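Here the structure is a predicted model, which means the values were calculated and not measured. As the structure lists them, so they are numbered: ligands from 1, and atoms in each ligand from 1.
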Amino acid sequence: MTAALLRSALRRSAAASYMSIRAFASPPGQQRKVAVLGAAGGIGQPLSLLMKLNPMVSHLSLYDIAGTPGVAADVSHVNTRSEVKGYAGEDQLGAALEGSDLVIIPAGVPRKPGMTRDDLFEINAGIVKSLCEAIAKYCPNALVNMISNPVNSTVPIAAEVFKSKGVYDERRLFGVTTLDVVRARTFYAGKANVNASDVDVPVIGGHAGITILPLFSQATPSANLSADEITALTKRTQDGGTEVVEAKAGKGSATLSMAYAGALFADACLKGLNGVPNVVECSFVQSTVTELPFFASKVKLGKNGVEEVLGFGPLSDYEKQGLEALKTELKSSIEKGVKWHANSKNPKINSVYEPIKPTFRPLSPHLPIYKPQTSSTVSITNRVSAIILTTVPLSYAFLTLKVGPMCLANESVYQAMYYSSKLGPIALQVTAIATVYHLVHGLHDLYEMFRP
Ligand code: LMR
């Protein structure tokens with residue numbers, strides 16, 4: 001494609017208007033600081049680049065536990081308005097956040113094939129909580145765009161954190177569901193044979209499986225699609241994230257399209273903050289449009305964030321059924337987040353160790369392996385059990401040179417430790433005893449191998 005064609009394609013897309021060459025030349029005067037938390041990760045890097053292209057941004061703050069100096073140096077060479085700074089490690093989180101107007105959170109771990117977004121809950125909940133505590137402290141008035149999954153639970157967790165710090169303003173907290181809208185537009189355009197950049201489709205509910213409800217009956221331009229086609233489009237939109245997870249075959253979930261969607265939504269928030277009228281996007285926000293406390297629907301954005309949560313208009317019978325069907329799951333995901341936050345304040349159920357995985361994408365203040373929790377609440381027996389769980393499988397694997405135990409030692413034991421310590425000290429000790437039992441078997445095998 002020639003440069004002229006590319007330029008005109010970008011101009012035609014209202015969604016991508018801020019990326020146009022003309023926009024680079026005439027940035028709006030307002031100073032806007034945007035912080036990306038998790039900027040060195042799979043979503044964070046392309047998202048940082050896209051935010052660097054946004055002329056409304058004057059200061060771009062890129063935070064992660066590591067890797068951000070490089071990402072910031074790289075992105076800073078792009079000749080657009082904003083000044084870019086990288087911040088690495090928890091010590092620099094405050095400086096990264098201070099003065100931010102908008103904080104985007106793509107931090108956390110991605111899904112692997114076979115996992116649901118909810119399977120990420122235990123790990124990402126902790127990450128989101130500590131990041132939101134820092135937001136409450138350093139930039140309590142910022143708008144927060146939550147990308148970390150499961151969004152249906154992480155948004156309620158963020159709300160609870162802000163409430164507990166006395167800074168909650170429901171107008172400023174958003175779950176980013178724009179990728180569902182982007183997917184619905186793309187898939188619909190393919191079926192209706194229209195230009196994807198001319199399509200609009202509201203998507204309501206939440207951001208996981210059947211809680212994602214695209215309203216194709218309200219799609220524009222309208223097309224005469226059959227009921228079967230609408231069903232297939234709905235299912236594909238609901239499974240869009242899984243489609244990418246499976247195609248990436250263990251290498252994570254959507255990063256590029258999520259970065260694009262995150263940048264579109266951030267652009268809408270900045271426009272609202274800058275007083276641009278009639279900015280409307282779908283988002284998962286505190287809501288009264290249904291009986292659920294959080295719900296994704298069209299939202300009008302303004303100088304303080306949410307100006308108005310809009311209803312979803314007339315639904316087809318198929319969409320009405322979808323709406324009823326999604327409520328149970330969405331309700332329980334919201335409650336799970338709220339309950340988790342309430343329990344996280346109780347030190348007794350804090351685990352001995354945070355879960356870790358060597359393949360995590362960067363970002364988590366919790367990532368360092370074996371990070372002790374509130375040390376005063378960890379009993380000696382739990383400490384001894386945890387040391388056994390760590391060292392015994394490694395020695396066993398080393399002694400017997402068996403691949404299975406090696407893997408166990410490498411990864412699963414950490415997870416086993418985490419989950420058994422969650423269940424309580426007894427479970428942790430039982431796991432430790434089982435591990436010792438396996439070690440004895442390993443030593444016996446070894447003895448049999450070398451017995452004269
Ligand atoms: C998506 O919709 O692609 C994201 O929420 C990532 C995921 O795990 O599906």
Side-chain angles (χ1 to χ4, degrees), residues 15 36-39 41-47 50 104-125 127-128 131 144-158 174-188 196 201-214 233-266 281-285 294-296 322 326 329-330 333-334 336-337 357 359-364:
V36 179
L37 308 185
I43 299 169
Q45 292 200 35
L47 177 59
L50 292 172
I104 315 173
I105 313 183
V109 297
R111 285 199 277 165
K112 291 201 162 150
M115 290 170 84
T116 66
R117 291 178 182 85
D118 188 56
D119 292 330
L120 306 174
F121 182 95
E122 286 295 335
I123 300 166
N124 288 354
I127 295 172
V128 162
L131 294 175
V144 175
N145 288 182
M146 184 68 70
I147 292 177
S148 309
N149 270 319
V151 166
N152 293 354
S153 303
T154 52
V155 169
I157 289 174
F174 302 87
V176 178
T177 57
T178 319
L179 184 50
D180 303 319
V181 176
V182 164
R183 285 178 176 139
R185 284 175 181 159
T186 306
F187 303 155
Y188 177 87
V201 184
V203 180
I204 64 168
H207 179 65
I210 62 157
T211 71
I212 300 167
L213 185 60
L233 280 178
T234 303
K235 182 118 190 46
R236 188 163 179 215
T237 307
Q238 292 173 333
D239 294 342
T242 307
E243 187 178 314
V244 178
V245 169
E246 276 163 13
K248 290 199 173 178
K251 298 240 158 63
S253 53
T255 52
L256 304 173
S257 51
M258 181 52 97
Y260 169 74
L264 278 189
F265 189 68
E281 285 293 336
C282 288
S283 179
F284 184 66
V285 293
F294 291 91
F295 196 81
L326 70 80
E329 180 180 328
L330 187 51
S333 301
I334 294 168
K336 186 172 177 179
K357 273 197 170 200
T359 49
F360 284 168
R361 86 167 61 134
L363 195 274
S364 153

Near N149 (heavy-atom distance under 4.0 Å), the atoms of ligand 1 are 4 (C), 5 (O), 6 (C), 7 (C), 8 (O)
Show the atoms of ligand 1 that are less than 4.0 angstrom away from any heavy atom in M258.
4 (C), 5 (O)
Considering only heavy atoms, does E243 approach ligand 1 within less than 4.0 Å through its side chain, its backbone, both, or neither?
neither
Inter-residue atom distance I334.CD1 - I157.CD1, 0.5 Å rounding:
12.0 Å
Distance, nearest 0.5 Å, that separates CD of E329 from OG1 of T116
8.5 Å
Measure the distance from atom 3 (O) of ligand 1 to every protein heavy atom, then report the residue, atom name and distance (to 0.1 Å) of the closest one.
R183 NH2, 2.7 Å
Is the side chain of T237 donor-acceptor paired with the backbone N or O of P214 at a distance under 3.5 Å, no angle test?
no
When you measure from the heavy atoms of M115 to every atom of ligand 1, does any distance fall below 4.0 Å?
no
Consider ligand 1: state whether an atom of it lies below 4.0 angstrom from any non-hydrogen atom of V244.
no
Atoms of ligand 1 close to A254 [distance to a heavy atom under 4.0 angstrom, numbered from 1]:
3 (O)
Rounding to 0.5 Å, atoms CZ (F284) and CZ (F295) come to a distance of 9.0 Å
For ligand 1, find out whether one of its N or O atoms is nearer than 3.5 Å to an N or O atom of R111.
yes
Do any N/O atoms on T242 end up under 3.5 angstrom from N/O atoms on ligand 1?
no
Have a look at V203 and tell me which of T178, L213, I212 forms a side chain to side chain contact (heavy atoms under 4.5 Å, CB included) with it.
I212
Interfacing atoms of ligand 1 (cut-off 4.0 Å, heavy-atom, H207):
1 (C), 2 (O), 4 (C), 5 (O)
Residue L179 vicinity, atoms of ligand 1 by number, heavy atom under 4.0 Å
1 (C), 2 (O), 3 (O)
Numbering the atoms of ligand 1 from 1, which are under 4.0 Å from a heavy atom of G241?
1 (C), 2 (O), 3 (O), 9 (O)
Looking at I43, V176, I105, L131, which one forms a side chain to side chain contact (heavy atoms under 4.5 Å, CB included) with S148?
I105
Of the non-hydrogen atoms in S153 and F121, which two are nearest, and what is the gap between them?
CB-CE1, 3.4 Å
Backbone of L330 reached by a side-chain donor or acceptor of N152 within 3.5 Å:
no
